[in-house]
Amino acid sequence: MNAPHELPKNFDPAAFEMKWYRLHEEAGLFRPEAAPPGAEPYVIVIPPPNVTGKLHVGHALGRTLEDILCRWRRMEGRAVLWLPGVDHAGIATQMVVERNLAERTGQSRHDVGREQFLEICREWAAARRGDILNQIRRLGSSCDFSRTYYTLDEPRSKAVRHAFTTLYHQGLAYRAERMVNWCARCATVLSDLEVNHVEQSGLLWSIAYPLAEGSGEIVVATTRPETMLGDTAVAVHPEDDRYRHAVGKTVRLPLTDRTIPVVADPLVDPKFGTGAVKITPAHDPNDFDAARRHGLALVTVIGFDAKMTAAAGAGYAGLDRAEARRKVLRDLETAGLRRGEKTHVLPIGRCQRCDTVLEPLVSLQWYVKTGPLAEKAVAATDAGETRFVPELWKKTYDEWMRNIRDWCVSRQLWWGHPIPAWYCADGHVTVPAPGADDPSACGSCGSKNLTQDGDVFDTWFSSWLMPLSVVGWPEKTPDFSRFYPTTVLVTAFDILFFWVARMIMSGTWFDGRAPFAVVVIHGLVRDESGLKMSKTKGNVIDPLEMCDAFGADAVRFALAIQSGTGRDVPFGTSRIAPARAFATKVWNAARFALGMLHEGEPEASTIDYAALGTVDRWILARLSAAIAKVTASLENTRFDEAASALYAFFWSEFCDGYVEMVKPLFRDPGLPEAEKAKTRAVLHRVLLDSLALLHPFMPFVSCEIRDALAGDGDRLPVTRFPRAEPAWDDPLAVQTVETLRAAATRIRNL
RNA sequence: GGGAGGUUAGCUCAGUCGGUAGAGCGCCUGCUUUACACGCAGGAAGUCAUCGGUUCGAGUCCGGUACCUCCCACCA
């Protein structure tokens with residue numbers, strides 16, 4: 001414990017913020033082991049930031065809210081475990097490393113080869129990992145860094161393998177040939193969630209398909225003329241009189257030498273377009289299904305590189321899909337088969353990562369059968385095992401869970417967890433039992449000639465296990481038994497499906513217990529006028545720059561006080577400046593108080609309540625009310641309410657009210673020292689409690705001042721959180737002082 | 001096409017159980033009052049989107065309308 005001391009006149013957060021962080025981290029205060037033995041655990045797993053990324057405002061908000069909860073609960077005596085980690089970010093990392101490689105050496109990943117490329121990825125990721133963790137520290141996040149996880153490390157790899165092999169042997173992981181979302185730029189399949197549907201205005205072309213028997217034609221309408229080269233039928237509605245005569249006949253497929261049948265299918269909407277639809281089973285999900293119903297062949301005319309294949313015909317093979325479209329339209333025009341076009345708005349799927357237009361293609365991939373998992377998850381959330389804050393998100397979650405589709409978990413990338421599946425020359429699949437080693441022979445035919453699947457898992461296939469894997473699952477570690485399930489998850493709504501819903505599935509499926517008791521879903525951080533941040537608008541705010549300019553305390557407070565009921569959070573210098581002003585206010589109030597307190601005996605903390613006057617009783621009553629309000633607000637995860645209550649109490653009541661009222665008292669030479677000592681004790685107590693109350697929100701300035709005041713800045717993170725004192729409730733004193741203050745205002749007006 | 005949310009001061013947002021509307025920023029007027037000009041003391045400013053209903057009383061509860069936002073969605 002340091003001796004109480006003076007504070008410098010200038011409030012300079014940079015002078016002490018990181019000093020306190022390092023001191024507390026090194027003292028092990030952020031580890032659950034710092035709590036008294038037997039303390040009830042309080043566990044939060046950090047949503048792991050991508051190793052490719054830099055801490056952005058969204059992270060700053062999430063980490064701030066988590067830290068407020070963790071610091072508060074820690075001060076309440078809970079064994080707080082806040083687990084930090086970093087995500088290996090499959091596609092994102094591979095993209096960055098590939099780009100770097102190309103810029104540096106002009107080589108592609110294929111040029112350097114898989115092993116070499118993975119080594120480069122590993123080195124790059126290792127170099128970046130520390131940065132992002134330090135950025136989390138800069139915000140003051142009181143994580144237990146001794147337990148830091150990485151989604152691609154040994155324990156996490158074990159968990160991924162265990163999960164997949166378990167699901168496989170339960171019949172819930174399977175390999176199937178289906179129509180998938182293919183990104184030709186990333187050269188991988190994507191899950192449905194990774195597709196951005198964007199409405200786009202395009203054209204709907206009408207094309208005539210002549211009847212094979214000679215006279216007549218059927219005009220089909222399409223938005224993708226280039227795929228006609230892969231048509232294997234034309235479909236019309238069974239009840240459509242216009243086309244009834246053609247059903248069962250064949251048409252000549254223009255630009256090819258093929259003839260294709262006309263089939264009747266209720267899927268066709270007679271009112272749309274021409275009422276006749278070309279069927280291209282290899283390039284359209286609906287047509288793929290229709291082909292199954294009618295036993296039609298698949299003709300693949302677009303390849304995984306988004307170029308036309310040999311099957312597209314001599315004139316088209318090798319063309320890019322866009323060039324192919326132009327050529328097809330030109331050639332149809334020449335053949336006299338174009339029948340006009342009209343504008344049409346259609347939803348188009350784009351790659352979430354690189355915005356490339358996705359191609360629906362048929363390919364063989366690994367899937368997780370999500371139905372049974374979703375059912376268990378929903379049963380748990382319905383039973384209240386996990387509560388959503390705000391509650392309305394449960395509806396969105398329920399809705400998604402009800403309509404859930406199987407999850408495509410394989411990716412044609414190199415960077416990620418390898419898929420533990422082996423194939424023999426005959427195509428038999430061998431997946432080891434959970435916990436078993438790599439197979440040495442085919443499980444079906446005994447062949448020793450096995451090749452491991454060359455794909456890796458979707459990054460989310462490691463993330464969805466987080467609450468389990470970070471505490472050692474599937475091993476029954478001491479951490480697992482103590483810290484699973486976790487207490488709270490704080491996250492933005494944009495990963496509700498990607499991450500939150502899937503974690504609930506993995507927890508309930510593999511362990512039986514939901515992975516967290518509460519999910520706190522916050523909004524998006526926007527700029528100070530409420531606009532979405534974007535590079536193009538140039539309104540992106542770097543939280544770390546803001547920490548340097550205003551102090552991390554101010555950044556945190558600004559975020560907390562704006563984060564209302566799960567809604568978007570306006571943020572910017574106009575929001576941070578008032579928060580810094582508040583920190584400065586606290587600083588200066590403390591400087592004043594120190595001056596008063598140090599004139600008398602330093603240990604002036606014993607309050608003789610019965611002997612106190614009205615003003616002292618008033619501020620104690622208000623302090624108690626503030627404590628009650630802050631505590632209740634935190635219990636309801638109303639960070640904005642808690643911060644506002646603190647701000648209003650400290651500024652309006654303590655500084656503008658109490659301090660101004662006691663000033664003349666301290667300066668009155670006629671007043672006996674014993675009288676002053678009573679008020680000094682109250683001043684001391686109010687300030688001490690205020691700083692403790694403030695600590696979860698502004699950990700640094702609160703420590704710096706507590707250290708000056710009581711010499712215990714090093715222990716503040718584990719100092720008891722203030723509790724409301726019912727004995728201080730004094731409505732009469734409150735009313736008297738409030739009447740007095742109102743009267744003062746009236747007099748000043750005169 | 002389905003679903004969710006929003007509309008309160010110039011701006012960004014609070015508003016608990018229905019009882020005479022609040023904050024921050026901005027604006028105006030005074031203040032170098034020895035903690036603080038990142039401050040102090042005051043002030044102006046709202047038809048609570050709109051229509052109807054319930055009620056002694058509605059920003060708050062119920063129904064409709066308008067506009068805005070977002071999410072989900074394989075129909076050409």
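Chain letters run A, B, ... following the sequence lines, proteins first, then strands; residues in each count from 1. Note that this is a predicted model, so its numbers are computed, not measured.
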Report task. Could you check A:Asp656 against A:Arg667 and say which one's nearest nucleotide on RNA chain B is further toward the 5' end? Result -> A:Arg667
So what does [X] hit on the nucleic acid, given a heavy-atom distance under 4.0 Å: a base, only sugar-phosphate, or nothing?
{"X": "A:Trp205", "value": "nothing"}
{"X": "A:Ala589", "value": "base"}
{"X": "A:Lys278", "value": "nothing"}
{"X": "A:Glu641", "value": "nothing"}
{"X": "A:Arg402", "value": "nothing"}
{"X": "A:Val220", "value": "nothing"}
{"X": "A:Thr222", "value": "sugar-phosphate"}

Query raised in the report: When the ring planes of A:Phe654 and A:Tyr658 are compared, do they come out parallel, tilted or perpendicular, using 30° and 60° as the limits?
Result: parallel
Query raised in the report: Do the ring planes of A:Trp651 and A:Phe582 sit parallel (below 30°), tilted (30 to 60°) or perpendicular (above 60°)?
Result: parallel
[X] side-chain proximity, nearest of [options]:
{"X": "A:Phe497", "options": "B:rA35, B:rC72, B:rC74", "result": "B:rC72"}
{"X": "A:Asn588", "options": "B:rU12, B:rA35, B:rC74", "result": "B:rA35"}
{"X": "A:Arg567", "options": "B:rG39, B:rA35, B:rG6", "result": "B:rG6"}
{"X": "A:Lys395", "options": "B:rC40, B:rA4, B:rC75", "result": "B:rA4"}
{"X": "A:Arg591", "options": "B:rA35, B:rC38, B:rC74", "result": "B:rA35"}
{"X": "A:Cys655", "options": "B:rC36, B:rA35, B:rC40", "result": "B:rA35"}
{"X": "A:Ala581", "options": "B:rC38, B:rC74, B:rC36", "result": "B:rC38"}
{"X": "A:Val659", "options": "B:rA4, B:rG39, B:rA35", "result": "B:rA35"}
{"X": "A:Gln562", "options": "B:rC74, B:rU12, B:rG39", "result": "B:rU12"}

Query raised in the report: Reading RNA chain B 5' to 3', what string of ( ), [ ], | and . shows its pairs, if Watson-Crick and G-U wobble pairs count only when both distances fall under 3.5 Å?
Result: (((((((..((((.....[..)))).(((((.......))))).....(((((..]....))))))))))))....
Query raised in the report: Can a donor-acceptor pair be found between the side chains of A:Asn10 and A:Trp587 at a distance below 3.5 Å?
Result: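 No pair is found: no donor N or O on one side chain lies under 3.5 Å from an acceptor on the other.
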Query raised in the report: Just checking, is any N or O donor in the side chain of A:Trp205 or A:Glu341 under 3.5 Å from an acceptor N or O on the other one?
Result: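 Yes, side-chain donor-acceptor contact under 3.5 Å.
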Is [Y] paired with [X] through a side-chain N to carboxylate O contact shorter than 4.0 Å?
{"X": "A:Glu653", "Y": "A:Arg622", "result": "yes"}
{"X": "A:Glu226", "Y": "A:Arg224", "result": "yes"}
{"X": "A:Glu6", "Y": "A:Arg591", "result": "no"}

Query raised in the report: Between A:Trp393 (CH2) and B:rC70 (P), how many Å, whole number?
Result: 13 Å
Query raised in the report: Expressed in angstrom and rounded to an integer, what is the separation of A:Tyr397 atom OH from B:rA4 atom C1'?
Result: 18 Å
Requested in this report: Treat primed atoms plus P, OP1 and OP2 as sugar-phosphate and everything else as base, then score nucleotides 16-32 of chain B 5' to 3': B for base contact with protein heavy atoms under 4.0 Å, S for sugar-phosphate contact only, - for none.
Outcome: --------SS-------
Report task. Identify whether NZ of Lys or CZ of Arg in A:Arg680 sits under 6.0 Å from the centre of the six-membered ring of A:Phe666 and within 45° of that ring's axis. Result ->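 No, cation not above the ring by the 6.0 Å, 45° rule.
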Report task. Validate the cation-pi geometry between A:Lys663 and A:Phe592: distance from NZ or CZ to the six-membered ring centre under 6.0 Å, angle to the ring axis within 45°. Result ->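 Cation-pi check for A:Lys663 and A:Phe592: passes.
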Output a table of nitrogen or oxygen pairs between the protein and nucleotides 59-61 of chain B separated by less than 3.5 Å.
none

Report task. Please measure how far the C1' atom in B:rU7 lies from the corresponding atom in B:rU60, and state the result in whole Å. Result ->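 After rounding to an integer number of Å, I get 15 Å for this pair.
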Query raised in the report: Restricting to pairs with a member in residues 634-643 of chain A, which pass salt bridge (charged side-chain N to carboxylate O under 4.0 Å, His left out), not counting sequence neighbours?
Result: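 Output for this query lists A:Lys629-A:Glu641, A:Arg638-A:Asp640, A:Arg638-A:Glu641.
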**Report entry** Within residues 269-281 of chain A or reaching into it, pairs that qualify as side chain to side chain donor-acceptor pair (under 3.5 Å) - sequence neighbours excluded
**Finding:** A:Thr227-A:Lys278, A:Asp231-A:Lys278, A:Asp231-A:Thr280, A:Lys278-A:Thr280
Query raised in the report: With sequence neighbours left out, what residues match A:Asp289 under salt bridge (Lys or Arg N to Asp or Glu O under 4.0 Å)?
Result: none
